[in-house]
Amino acid sequence: MATEIPSETDATSRREQWLDWFDGSLFTLVVGSLAVTVAGGLVQVSFGAFSMSIVEAWQAVFDPNVVFDPRAWEAFLLGGEVPEMNERSLIVWNIRLPRVFVGALVGMNLAVSGAIFQAVTRNELASPFILGVSSGAGLAILLTLVVFSGLAAFLPVVASVGGAIAFLIVYAIAWKNGTSPVRLVLAGVIVGTVFSSLQTALFFFADNIGVVQSAIAWTTGSLTGTDWEQVRMVLPWTAVAMLLALISSRQLNVLLLGEQTASSLGMSVEKVRFALSGVAVLAAAASIAVAGIVGFVGLIVPHVVRNVVGSDYKKLVVGCLFAGPALMVAADVGARLALNPVQIPVGIVTGLVGGPYFLYLMRKQEQMGEI
Amino acid sequence: MSGERRSETTGERRSETTGERRKETTGERRTDPRTNGSSPASVDEPGTTVSGRGEADGRLDGEDLVLSYPGSDGPVVDGESITAKAGAVTALVGPNGSGKSTLLKGLADQLEPDSGSVLVDGRAIQSFDKKELARTVGLLSQESTSPNSITVEDLVYHGRYPHRGFFESTTEADERAVDRAIELAGCGHLRDREVGSLSGGQKQLAWIAMVLAQDTDVLLLDEPTTFLDLRHQLEVMEIVETLREESDITVIVVLHDIQQAARLADEMVALEEGAIRARGTPEEVVTEELLAEVFEVDAEVESTPRGPRIEPLRPRHDDDRERPTERVARPDSGDS
């Protein structure tokens, strides 16, 4: 008997913890986000140049010959020959759905990356691109397209590497007996300003309008033409980054207590801050590699989620995992279909949605800025 | 509820033990000024609290510490040594900018000394692993910030950070420590409240609970009563008194209020411009001369059973420098 009692209380407390973690607001957010993502995805597969009825499109999505065919998934996720399927299934599964998946993964990466940077800089207005990542990637993109056009095939990789290098430069500039959130943000502004100027200067050397359009698509973020190849490219990094973000949630929470408290609680603040920034840059770089620099998602989603579930990162990261894809997939519906047949970069839509939402928040909330 | 119960018990305990406690921790002093030497019977009684538990851990030594901030000119604390006896309460007092908080940061290893060393039970503080140190020495900083939406309980659980591995979830020991800390800090009724909704005083109790949950041998408190209303000041002091009497934790506390420090501390250390000007029991340190020289105030000090009582009269100005401090004791003669 005596040995049973502790295990019972242990079980109840663990159940309580589980319930506590999975509270109502987070549940609502997750379900709502999933609904938006699925609805957006279904709209995406239903419309396009190849005309088919909505019913036909949905039948193709849930086509058991594809969904339960391991060979098809092998082809999608590992590359190789796509097994034979009817034309509608081919259009839906090979052209329209991958774009939805890429959008969802990009949204996830940007949202979580933004959430991490907001904790690292202890600033609610931080985004995945606050520490120079976007300007570094943008410069790398322009350099590739305009100067080193031979590297165009490696553009995704070059863009990500450019972002990561800019981040390291920012860290080096900010470092002086350690860093601080304010110094990091200032260094980000410095590097961002210089790199953006160089990037703009490079536009003058572009040979033709095609190069400029391509550069704009990359620097504003676009999902046009994404394929299973992009899914394969972004999926492993996303999995790694999201897993790391989830298990780091407690570190993020302690970091929110301020450097001094975190340090006196035994955290090696500098190491943790650099490691967490690294995870966030990894997620941002992965999204840049497939979609370019999509703005606002990483700024707004953590904000929305925080308003719903509070600032506990155990819940916040989970919320971002679902809310990021919802915004991104929904925005891409607008980007692809609003001005049909012209497709606009999804980054323009997220900016158009994000700006007014931020205005609304600014009017509604008394205090903004510090978490 | 638990807070009220606690305060009753400590109230009784305090009146019983104050006399004895003074003697053990202050060593050879045979007569206790608090009782005006009228209770000689208690002199030979065995220690009821700290020394009664044998050799307690938690002795903290700072040796020849030179502390400065990066980018500032000259050290803030210049080659001072300080010892906090295991299980005792040591109060650091001094005027603004005297280096109290800096010294505390140095002792907590939050500020690396230019030279000198800090020893915990004789072991150099640098040889501790970061988390190991956080399990040994706890520090409550002057300004603590937290997200508003965190609950008091969650905040206190963060105090268990150094006790948990990277992947570990909370254990029963964590729960026990958190419950104990919350009860000790008397904030059980705030447990599920969000920190953002608390008053300054309530917040401070929550933060104290967090640092108590760290379960350290040494506790460093940086001006824990500043900016609090009178009631919460007394609450905080009561927590420290409880720690002094019921646990063998070593406390070093920076206090602005000399009166509070005198009441709370076994040992007092007075700093001025980064140098230690006096150390010893409250009775030894809190004198009219010291108040005049270090704090630059004219004050009357009266010995009472509750320790020295200070009545500040007026600030001293530069032209008062030459004035003998004896005259300070008679306020009427000051302004002739």
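Per chain, numbering begins at 1; letters A, B, ... match sequence-line order. Please read all numbers here as calculations on a predicted model, not as lab measurements.
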>> Please evaluate residues L155(B) and L257(A) with respect to the criterion side chain to side chain contact (heavy atoms under 4.5 Å, CB included), reporting the C-alpha separation (whole Å), side-chain torsions for both, the decisive distance (0.1 Å), and the verdict.
In response: CA-CA 9 Å; L155(B) 179 67; L257(A) 300 179; 3.7 Å; yes
- Would the number of heavy atoms belonging to other residues, nucleotides or ligands and lying under 6.0 Å from OH of Y69(B) be above 12? yes
CD1 of I150(B) to CG of L256(A), rounded to nearest 0.5 Å, is 8.0 Å
Query raised in the report: Between K130(B) (side chain) and G266(A) (backbone), is there a donor-acceptor pair under 3.5 Å?
Result: no
Rounded to the nearest 0.5 Å, the CG atom of N253(A) sits from the OH atom of Y157(B) at a distance of 14.5 Å
Scanning both residues in full, the closest heavy-atom pair of P162(B) with L265(A) reads CD-O, 3.3 Å
CG (L133(B)) and OG (S263(A)) are apart, to the nearest 0.5 Å, by 9.0 Å
Under 4.5 Å to a heavy atom of chain A? For L139(B) that would be both
query: Would you call S144(B) and Q260(A) a side-chain contact if the rule is heavy atoms closer than 4.5 Å?
result: no
Bottom line for L220(B): the part with an atom under 4.5 Å from chain A's heavy atoms is neither
With chain A, the option among H163(B), Q214(B), H158(B), E194(B) that has the most non-hydrogen atom pairs under 4.5 Å is H158(B)
Contact list (residues 100-113 of chain B to chain A, heavy-atom gap under 4.5 Å, by number) returns K105(B), Q110(B)
ask   = For residues S311(A) and S149(B), is any side-chain donor paired with an opposing acceptor at under 3.5 Å?
value = yes
Turns out that what part of F166(B) lies under 4.5 Å from chain A's heavy atoms comes down to both
